[in-house]
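Accompanying notes for the structure given below.
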Amino acid sequence: TVGAAVTSASEVTYRGGSITVSGNVSSTNGSVGFYSTGASKTFSKTSATITAAQDVTISSAASTVDTGTGAISAATVRLNSSGNMTSGAPITSRGIVEISSSAGNTTVSGTTNAAGNLSVVGGDVAVSAAQNTTNSRNITINPRAAYTGTGTLNSAGTLTISGGTAVTPTGNLAAAGNITISGSGQVNITDRTVASASGNISVSAGPTTGNALLIERTTISTTVGRIDLRATSTNDRGVYILGTSGGSPARIQSNSGEIAITGITEVATWGVQLQNNVDITSSTGHITIDAGVRGIAPGVSGTTNIGANASGQATGNITILADRYWWADASSFTVLKTSGHVVVESKAGQFSSGLNVGSVELRNHTFSGNASVRIGKATNNTAITITGGSTNIVGDYVIYGSAIAQDAAVTTSAGSILIDPNTTYVGSGALTASAGTVTISGGSSVAPTGAIRALGTVTLSGTGAITNSGATLTSLT
């Protein structure tokens with residue numbers, strides 16, 4: 001028991017069974033060490049402080065460590081236990097900080113300010129106070145089980161939370177470099193910001209039950225790096241992103257990097273669901289959403305912006321890969337805004353049907369400023385309905401499908417329009433190719449009811465009846 005203040009110009013070392021510290025301990029030139037050995041031998045400290053010119057080491061080889069609430073200050077700080085680790089002391093280090101439990105859980109409730117790398121290891125790891133590094137140094141948290149934390153993590157280097165099961169940060173996460181979050185269970189990021197100044201952001205989850213990656217009312221952003229979100233669920237959504245209903249969107253945004261979202265599920269729900277208001281934006285990077293066999297539900301009960309939001313601009317390509325594509329209801333909207341190319345296609349040779357509908361439905365979709373738009377592969381033999389919304393693009397507009405219904409207007413300023421049904425075509429949407437041609441060809445009956453206008457030729461062809469009841473056909477040349 002250290003019950004009174006101890007000050008020394010040299011090293012201060014305590015070795016023994018259980019150690020209790022209630023008096024301040026200081027070494028003005030050396031290190032301070034506490035080593036508890038033997039079965040069930042613990043270290044505990046109250047509000048006493050520990051200060052060292054060099055290193056502070058606190059270790060319990062076979063039991064627990066509790067650092068109390070008194071501050072620890074040193075060149076480096078190492079806290080190690082076999083049992084549970086409770087780090088409640090504020091820590092200031094001119095070098096590294098290591099907080100670790102080899103067989104128990106780790107709780108960090110004291111702030112840490114480290115000029116070196118900071119590492120936290122444990123079974124369940126809970127961080128409830130701010131953890132900070134400077135000098136381009138990293139924060140690494142390695143839970144063997146779950147991670148939870150209301151404490152903010154601010155790294156001057158990279159930030160990693162990896163190795164455990166569920167990951168539920170409830171404090172904001174920031175890093176100058178890369179941010180990596182991964183767990184074999186659910187990753188749940190709600191009402192937070194995850195921000196990298198100049199690195200990549202990678203979040204991966206599963207395979208697990210429930211919604212594998214849940215991002216709710218959260219902004220994930222990087223200035224120049226890539227954002228990669230990847231998750232697999234065995235009985236629910238792979239990636240589930242939700243904004244505020246009727247309010248602020250969830251945001252996945254990079255100023256110039258690519259964005260890749262991959263959601264996989266093994267049941268009849270959605271690989272990727274984007275609900276309420278969601279912005280997935282990059283000024284110059286390509287955006288790819290891979291929703292796999294189970295497909296995607298965008299714009300559910302709100303607006304999903306992909307590429308750029310209403311006030312922004314984007315130049316990258318947008319690719320959506322999904323065997324199923326679902327429109328939820330009349331309050332669901334999707335906007336694809338970029339000067340790059342846009343592709344919506346199945347991963348397989350053709351779409352399967354949407355949930356509870358007999359065709360793929362792109363309702364209330366707006367295509368804005370795109371270099372080109374293609375919906376479906378040339379091998380697609382599933383019906384496609386496009387209604388509501390609008391298409392105002394620069395280049396070619398192409399649809400492949402079985403029965404195709406184009407009831408939304410399409411205007412291309414410099415390209416052509418090709419609609420290739422395997423069976424029938426109907427469409428009340430006006431089709432305008434200001435500098436190109438319009439072709440509806442390849443199926444049986446063709447029955448447009450919307451006006452068709454082109455600078456070049458207008459071609460309607462099929463093996464059955466061709467009617468243009470109420471539709472004016474205009475070729476300017």
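Since this is a predicted model, take the numbers as computed values, not measurements.
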### Message
Set out, in order, the CA-CA distance, both residues' side-chain angles and the distance that settles side-chain contact (heavy atoms from CB on, under 4.5 Å) for Arg144 and Val121, then state yes or no.
### Response
CA-CA 8 Å; Arg144 294 182 296 275; Val121 177; 3.8 Å; yes
### Task
Run the numbers on Asn277 and Asp279 for side-chain contact (heavy atoms from CB on, under 4.5 Å), then give the verdict.
CA-CA 7 Å; Asn277 297 314; Asp279 288 355; 5.9 Å; no
### Message
Ile280 vs Leu274, test: side-chain contact (heavy atoms from CB on, under 4.5 Å). Steps then yes/no.
### Response
CA-CA 10 Å; Ile280 301 171; Leu274 309 173; 3.9 Å; yes
### Task
Evaluate side-chain contact (heavy atoms from CB on, under 4.5 Å) for Ile320 paired with Ile306, printing each intermediate quantity in order.
CA-CA 10 Å; Ile320 298 176; Ile306 304 176; 4.1 Å; yes
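Of all heavy-atom pairs spanning Thr315 and Thr338, the tightest one is C-OG1, 3.5 Å. Across Gly415 and Thr412, no two heavy atoms sit closer than the pair N-OG1, 3.0 Å. Shown here for Tyr400 and Lys377, the closest heavy-atom pair between the two residues is CB-O, 2.9 Å. Across every non-hydrogen atom of Ser416 and Asp396, the tightest pair is N-OD1, 2.8 Å. The shortest heavy-atom contact between Gly295 and Ala322 is CA-CB, 3.8 Å. Across all their heavy atoms, Gly210 and Ser233 have their closest contact at O-OG, 2.6 Å.
Contact annotation: the side chain of Thr424 never approaches that of Val426 to less than 4.5 Å [non-hydrogen atoms, C-beta and beyond]. Here the side chains of Val360 and Val344 are not in contact, with every heavy-atom distance at 4.5 Å or above. Between Ile91 and Leu79, the closest side-chain pair of non-hydrogen atoms falls below 4.5 Å. Counting only heavy atoms from C-beta outward, the side chains of Leu476 and Thr474 approach each other to under 4.5 Å.
Taking CD from Glu345 and CG from Asp323, the interatomic distance works out to 10.0 Å, rounded to the nearest 0.5 Å. In this structure, the separation between CG on Asn138 and OG on Ser119 is 10.5 Å, given to the nearest 0.5 Å. Atom CD1 in Ile139 sits 6.5 Å away from atom CG in Asn132 (nearest 0.5 Å). Interatomic distance, CG of Leu118 versus OG1 of Thr134, reported as 11.0 Å (0.5 Å rounding). Here the CH2-OG1 distance, from Trp327 to Thr385, works out to 11.0 Å after rounding to the nearest 0.5 Å. Note that CG of Asn364 and OG1 of Thr303 are 9.0 Å apart. Values are rounded to the nearest 0.5 Å.
Every pair passing side chain to side chain donor-acceptor pair (under 3.5 Å) that includes a residue from residues 242-267 is listed here, sequence neighbours excluded: Arg226-Glu258. For residues 102-112, every residue pair satisfying the side chain to side chain donor-acceptor pair (under 3.5 Å) rule, not counting sequence neighbours, is listed here: Thr112-Gln131. Here salt bridge (charged side-chain N to carboxylate O under 4.0 Å, His left out) pairs that include residues 196-211, with residues two or more places apart or in two chains, number zero.
One side chain, Asp407 or Ser428, offers a donor N or O that lies under 3.5 Å from an acceptor on the other. When only modelled atom types and interatomic distance are considered, Thr180 and Ser202 share no side-chain donor-acceptor pair under 3.5 Å. Side chain to side chain, Gln406 and Tyr425 fail the donor-acceptor criterion of an N or O pair below 3.5 Å.
Residue Val239 forms a side chain to side chain contact (heavy atoms under 4.5 Å, CB included) with just one option from Leu213, Val187, Ile296, and that option is Leu213. For the side chain to side chain contact (heavy atoms under 4.5 Å, CB included) test with Ser196, the passing option among Thr223, Ile179, Ile220 is Ile179; the others fail.
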Which side-chain N or O atoms in residues 439-458 pair as donor and acceptor under 3.5 Å with protein atoms at least two apart or in another chain?
residue, atom, partner, partner atom, Å
Ser441, OG, Ser461, OG, 2.6
Ser444, OG, Thr423, O, 2.9
Thr449, OG1, Gly427, O, 3.2

Review item, side-chain donor-acceptor pairs of residues 163-175, under 3.5 Å, at least two apart:
residue, atom, partner, partner atom, Å
Thr165, OG1, Ala145, O, 3.2
Thr165, OG1, Ala146, N, 3.4
Thr170, OG1, Gly149, O, 2.9
Thr170, OG1, Thr150, N, 3.3
Asn172, OD1, Arg192, NH1, 3.4
Asn172, OD1, Thr193, N, 3.1
Asn172, OD1, Thr193, OG1, 3.4

Taking only distance into account, with no hydrogens and no angle test, what donor-acceptor pairs under 3.5 Å do side-chain atoms of residues 286-293 form with protein atoms, sequence neighbours excluded?
residue, atom, partner, partner atom, Å
His286, ND1, Asn317, N, 2.8
Asp290, OD1, Gly292, N, 3.1
Asp290, OD2, Lys347, NZ, 3.0

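Residues satisfying the salt bridge (Lys or Arg N to Asp or Glu O under 4.0 Å) test with Arg137, not counting sequence neighbours, are none. With sequence neighbours excluded, no residue satisfies salt bridge (Lys or Arg N to Asp or Glu O under 4.0 Å) with Asp124. Not a single salt bridge (Lys or Arg N to Asp or Glu O under 4.0 Å) links Glu216 to another residue, sequence neighbours left out. Residues passing the side chain to side chain donor-acceptor pair (under 3.5 Å) test with Asn211 are Arg237, sequence neighbours excluded. Asn309 is linked by a side chain to side chain donor-acceptor pair (under 3.5 Å) to Ser311, counting only residues two or more places apart in sequence or in another chain. With sequence neighbours left out, the salt bridge (Lys or Arg N to Asp or Glu O under 4.0 Å) criterion links Asp329 to no other residue.
Although no hydrogens or angles enter the test, the distance criterion places a donor-acceptor pair under 3.5 Å between the side chain of Arg374 and the main chain of Gly376. With hydrogens and angles ignored, the 3.5 Å screen pairs no side-chain donor or acceptor of Lys337 with any backbone N or O of Ala314. In this structure, Thr67 contributes its side chain and Ala89 its backbone to a donor-acceptor pair below 3.5 Å. Although no hydrogens or angles enter the test, the distance criterion places no donor-acceptor pair under 3.5 Å between the side chain of Thr382 and the main chain of Gln350. Between the side chain of Ser155 and the backbone N or O of Gly157 there is at least one donor-acceptor pair closer than 3.5 Å. Between the side chain of Thr160 and the main chain of Ser162, no donor-acceptor pair closer than 3.5 Å is present. Judged by distance alone, with hydrogens and angles left aside, the side-chain atoms of Asn370 form a donor-acceptor pair with the main-chain N or O of Ser368 at under 3.5 Å. A distance-only check finds no donor-acceptor pair linking the side chain of Thr304 to the backbone of Pro298 [under 3.5 Å]. Between the side chain of Arg324 and the backbone N or O of Arg294, at least one donor-acceptor pair lies under 3.5 Å. Side-chain N or O atoms of Thr387 include none that pairs as donor or acceptor with a backbone N or O of Ala408 at under 3.5 Å.
Note on ring orientation: taking the six-membered ring where Trp is involved, the planes of Trp270 and Trp326 are parallel (angle under 30°, cut-offs 30° and 60°).
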